[in-house]
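Here is the structure we will look at, set down as structure tokens.
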Amino acid sequence: MKVFWYFGFFLVSGFCGLVYEIVWLRLAMAKFGVTTPMVSIVLSVFMAGLALGSWGGGALARRLEHRGAKTPLRLYGLIEVFIGVSGLLVPRLLHLGYEFLQGGGSEMAWDSSFYYFMSGGCVALSLLPWCICMGATFPLAMAAIRKSGNGKSQQSFSYLYLANVLGAILGTVIPAFFLIELLGFQGTLRVASSLNGVLAATVFALSWGRFSSAGAEAATPIAEARAPRKLYDFSEGNTLWLLFLTGLCTMAMEIVWIRQYTVYLGNVVYSFAVILALYLGATCVGSSLYRFWVRSHDPRQSAGAWLFLGLLALLPLAFADPSLPVPRGLAWTLFRTAAGIVPISGALGFLTPLLVDHFSLGDPNRAGRAYAVNIIGAIIGPLLGGFLILPWLGDHWGLVALSIPLFGIGLLTVARKTPDVAVGRVVWGGRALYFVVILLSIGLMATAKGYETYFPDRVELRDYMATVIATQIGSEKILLVNGAGMTILTPATKYMAHLPLAFLDRQPQSGLVICFGMGTTFRSILSWGIQSTAVELVPSVPKLFGYYHPDGPELMKSPLANIRIDDGRRFLERSSETYDVITLDPPPPISTATTSLLFFREFYEVVKRRLRSGGILQVWLAVRDDGWDPSTQSAVAKALMESFSHIRVIQSLHGIGLHFLASDEPLPSRDARELANRLPPTAVADLVEWGPHQNAEAMFREVLQKEQPLQSVAAVAPHVPAMQDDRPINEYFLLRRISSYFR
């Protein structure tokens, strides 16, 4: 069989693999929580499966050494069938795991560590078998190519790697920008499963058809690949260490890039897709250059490439610098991002397949081991970057720390002595060049500034979730999370507490705030003298309570105050408490990634289980930010209508948002005076603290006169369905924006 067929196979499988990774991650977050540990668990399981599959597939290929080429080829096709089935089964398996965790009763009181252990087990059982199959495809396809007698089989890994990365680019862009918005997550998975099925059918047809070459029928074993010459005078084990370090540094740097460039690209799914597509695109270009270069060069002549890796790793420091004289606008933002991450990604895209090719010389067993080592580094990298480097060092010095191993490798390559005269000349000349690279890198480290330096008078905190900045611009205090403005000190956030509490048909006893922000809503609930709980995803955010409210530290000491760091839905599912009022203020903009998980009807069903009889849910929906569109408003309203029997919609001050008050019991018909009379004196003082009026009755009258009919709010986009986990309308909006532009 012609080798170009394998390129097509891995193009398709690369596409499908990225689709599965993206969608499975999102489905797992919807079930088990939008937390960094949970994301790390999912990605680690996915990558661990690839590593195990690569290692095991190589061992299996070695056992098939005495078989003809059709045996590993057909086994490869069978594995693609299994992978295709996974697209249909994994959502059901994740749901079964979720139901298992919900079915025990006492599990709601599990502490976080045990919950993560159990949910991690559910994720592993759901994903690991299929990911192992994905990892096994490389060595099995290499075995088929090698047994076919192809003269270029010694570089077969880089050939398949190039095709796989190209497919991964398509698997990043097409679903994020088109498929998910059109078909939803389940529909997108069905597309990927169908492609796996077509791929497998093609493999089987070719293995039995006339396209199989005569050479492929040979069952005689191929001689063991000769041991490669030492690369840069390194031992064989050191080559594996190089693969481990490149995998670790690459994936850890990707975590840092997301933190750096979210400031410019925004915290939306398209931003993450752009970063991933640029990384994969540069990797693809680097791999293509390697395939062209290796035709006329000895791999050992690549020693000079390692000299520049450390400097290239530091380029994001320069291009993420806010003082860089780059105009605003989408095109220039993309330039910032590409200029920072493309050079290092392209260089590693060149060197990674070079290392595996040199180590394996076409032997699928050795290639499987080498690629597995690279993937193990890729597992450790994000954990190291997210949980240690970013919280301790931040993105600036974190990137510097990650560049150190790359500088070390560059130093070793120029310091080694080699008997090869041609290579020796490269190394000898590289020593002076390496010194220049070090000087340039030191200058870059010393002069580049991070985004946070734009705010000289600031309080800056870092954790595994985000970099959080509290600062003041003029007379206004602001809260920034990864560079995105979260909220300001506004009476609108006070209404989020006082409206539902005043409409309650009894004296409230407890309230819950999901999304802490500046703590204004939490502080307002406390002013009623009731048990007040707040759930916040970012650990550093509540620590800034005192920056925005001078009485914050004292309020935190109250026995009525309780702060929990957790995902909102995960907290509600694990808690046994019930509340009179639950108030929800998702982070802006409304298109922020994973925000839909706080708006869809499945979440509201969880909320209802934690509301006491007659309790009220307050949902805040911003309608004046860059991510808002009528479809989102309609989808949220319809999801609430499907979940609650009684809903009132009240426009907030200055028309900046909508307060949805939802309950399964009729909401009392109270006027402004009646609502004001229900507030205790401390709550009255809190409500009028920032005006615009000096008494509670006028404050309530200001918003009650803007109440809107629920049906009209839902009807602004009549053809849009209710918000649901499978169709996050607010997050995937590109095609709607384009179509509305041309209307």
Side-chain angles (χ1 to χ4, degrees), residues 29 32-44 111-113 115-116 120 251-263 266-267 271-272 320 380-402 450-455 458-471 477-487 513-519 522 533-548 552-553 556 561-571 585-588 592-595 597-598:
M29 287 193 294
F32 304 111
V34 188
T35 64
T36 295
M38 195 65 242
V39 172
S40 300
I41 288 171
V42 176
L43 294 181
S44 295
D111 61 35
S112 287
S113 58
Y115 185 90
Y116 280 128
M251 297 308 295
M253 286 189 293
E254 190 172 343
I255 299 297
V256 177
W257 297 338
I258 291 173
R259 184 76 62 92
Q260 284 180 311
Y261 285 104
T262 296
V263 171
N267 187 22
S271 303
F272 306 131
I380 297 174
L383 300 176
L384 181 67
F387 289 98
L388 295 177
I389 290 178
L390 282 175
W392 290 0
L393 301 176
D395 50 51
H396 183 101
W397 293 109
L399 207 57
V400 171
L402 289 170
Y451 176 77
E452 66 280 359
T453 60
Y454 186 76
F455 308 99
R458 68 185 185 277
V459 177
E460 180 183 350
L461 300 175
R462 296 188 298 265
D463 56 53
Y464 58 81
M465 284 294 298
T467 297
V468 181
I469 295 174
T471 188
K477 292 181 177 180
I478 61 174
L479 171 66
L480 300 168
V481 178
N482 286 341
M486 291 291 103
T487 183
V513 177
I514 297 178
C515 304
F516 187 83
M518 291 179 172
F522 176 67
T533 302
V535 181
E536 171 58 45
L537 193 60
V538 181
S540 295
V541 166
K543 297 177 183 178
L544 296 170
F545 191 21
Y547 182 91
Y548 300 105
M556 294 283 258
N562 181 28
I563 306 292
R564 299 293 299 270
I565 303 301
D566 208 339
D567 169 71
R569 172 171 171 170
R570 202 174 79 101
F571 171 79
D585 178 19
T592 296
T594 71
T595 301
L597 297 176
L598 297 178

- Item | Taking every non-hydrogen atom, the tightest pair across N267 and S271 | N-OG, 4.5 Å

- So how far is it from M253 CE to I258 CD1, rounded to the nearest 0.5 Å? 13.0 Å

- Message: Between T594 and M29, is there a side-chain heavy-atom distance shorter than 4.5 Å?
- Response: yes

- Message: With heavy-atom distances below 4.5 Å as the criterion, would you say the side chains of I565 and P542 are in contact?
- Response: yes

- Query: If we only count heavy atoms from C-beta on, is the T36 to F387 side-chain gap below 4.5 Å?
  - Reply: yes

- Query: Which heavy atom in Y464 sits nearest to a heavy atom in P391, and how many Å separate them?
  - Reply: N-CG, 3.7 Å

- Taking all non-hydrogen atoms of both residues into account, name the closest pair between G568 and I514 and its distance. CA-CG2, 4.1 Å

- Message: Contact between C515 and P587 at the side-chain level, heavy atoms closer than 4.5 Å - yes or no?
- Response: yes

- Got a sec, which residues hit side chain to side chain contact (heavy atoms under 4.5 Å, CB included) with S44, two or more places apart in sequence or on another chain? I379, L383

- Message: Using every non-hydrogen atom in the two residues, find where I478 and Y548 come nearest and quote the distance to one decimal.
- Response: O-OH, 2.7 Å

- Note on the structure: The reported gap from CZ in R458 to OG1 in T453 (rounded to nearest 0.5 angstrom) is 6.5 Å

- Query: What distance do D567 atom CG and E536 atom CD have between them, rounded to the nearest 0.5 Å?
  - Reply: 10.5 Å

- Any chance you could measure L390, atom CG, to I255, atom CD1, to the nearest 0.5 Å? 8.0 Å

- In terms of ring plane angle, is the pair F516 and F545 parallel, tilted or perpendicular, where the classes change at 30° and 60°? perpendicular

- Do M465 and P539 have side-chain heavy atoms sitting under 4.5 Å apart? yes

- Item | For A320, side chain to side chain contact (heavy atoms under 4.5 Å, CB included) partners two or more places apart | Q260, Y261, Y264

- Task: Return the minimal non-hydrogen interatomic distance between M518 and K477, and the atom names on each side.
- Result: CE-O, 3.4 Å

- Among side-chain atoms of R564 and T533, is any donor-acceptor pair under 3.5 angstrom? no

- Message: Both conditions, 6.0 Å and 45 degrees, for the charged tip of R570 above the ring of Y116: are they met here?
- Response: yes

- Between CZ of R462 and CZ of R259, what distance do you get to the nearest 0.5 Å? 9.0 Å

- Message: One pair to check against side chain to side chain contact (heavy atoms under 4.5 Å, CB included): E452 and T467. What are the steps and the verdict?
- Response: CA-CA 9 Å; E452 66 280 359; T467 297; 5.6 Å; no

- Query: If you take all heavy atoms of V263 and G483, which pair is closest and at what distance?
  - Reply: CG2-CA, 3.8 Å

- Answer yes or no: does atom OH of Y454 have more than 12 heavy-atom neighbours from other residues, nucleotides or ligands under 6.0 Å? no

- Message: Taking ring pair (Phe, Tyr, Trp, His ring centres under 6.0 Å) as the definition, give me every residue that meets it alongside F32, ordered by chain and number, with sequence neighbours left out.
- Response: none

- Counting only N and O atoms by type, is there a donor-acceptor contact under 3.5 Å from the side chain of R569 to the main-chain atoms of G33? no

- Message: Rounded at 0.5 Å granularity, tell me how far CG in D395 sits from OG1 in T262.
- Response: 10.0 Å

